Amino acid sequence: MAAILVVDDESRMRKLVHDFLSRSNYEVIEAADGEEAIDIFYADKSISLIILDVMMPGTDGLEICSRLREF
């Protein structure tokens, strides 16, 4: 089963995406901020896709994307 990491600082949005994807039988992993997303990504090699909010406080989505591409 494909794992999808959903990164958003708004829990309401994470839940919405999580519910939609889980109904389609995807494993959904959630992160509330960019640093948590990076930690999860490095720890879980089964992640196939990341859905990333661009505008988040602290480390924004564009910076996270750049850091993950270096991996």
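Every value quoted in this text rests on a predicted model; they were computed, and no experiment measured them.
Residues Val17 and Asp8 form no side-chain contact, since every pair of their non-hydrogen atoms from C-beta on lies 4.5 Å or further apart. Contact check for Ile38 versus Ile64: side-chain heavy atoms found under the 4.5 Å cut-off. The shortest distance between side-chain heavy atoms of Ile47 and Ile40 falls below 4.5 Å.
The minimum heavy-atom distance between Ala3 and Ser46, with the atom names listed, is CB-O, 3.5 Å. Ala37 and Leu5 get closest at one heavy-atom pair: O-CD2, 3.8 Å. Heavy atoms only, all atoms of each residue included: Leu52 and Met56 are closest at CD1-CE, 4.0 Å. Nearest heavy atom pair, residue Glu36 against residue Glu30, reads OE2-O, 3.9 Å. Contact between Val6 and Val28 at its shortest, heavy atoms only, is CG2-CG1, 3.8 Å. Shown here for Asp60 and Val54, the closest heavy-atom pair between the two residues is CB-O, 3.4 Å.
Ion pairing between a basic and an acidic side chain is recognised when a charged N comes within 4.0 Å of a carboxylate O; Lys15 and Asp19 show such pairing.
The hydrophobic cluster containing Ile4 does not contain Met13, counting ILVMFWY residues as joined when their side-chain heavy atoms lie under 4.5 angstrom apart, directly or transitively. Linking Ile, Leu, Val, Met, Phe, Trp and Tyr whenever their side-chain heavy atoms come within less than 4.5 Å puts Leu49 and Leu21 in one cluster. In the hydrophobic clustering of ILVMFWY residues, with side-chain heavy atoms under 4.5 Å counting as a link, Ile29 and Val7 come out together.
Within a 6.0 Å radius of OH in Tyr42, other residues, nucleotides and ligands contribute more than 12 heavy atoms.
Between the Glu63 side chain and the Thr59 main chain, no donor and acceptor come within less than 3.5 Å of each other.
Rounding to the nearest 0.5 angstrom, the gap separating the CZ atom in Phe41 from the CD1 atom in Ile50 is 5.0 Å.
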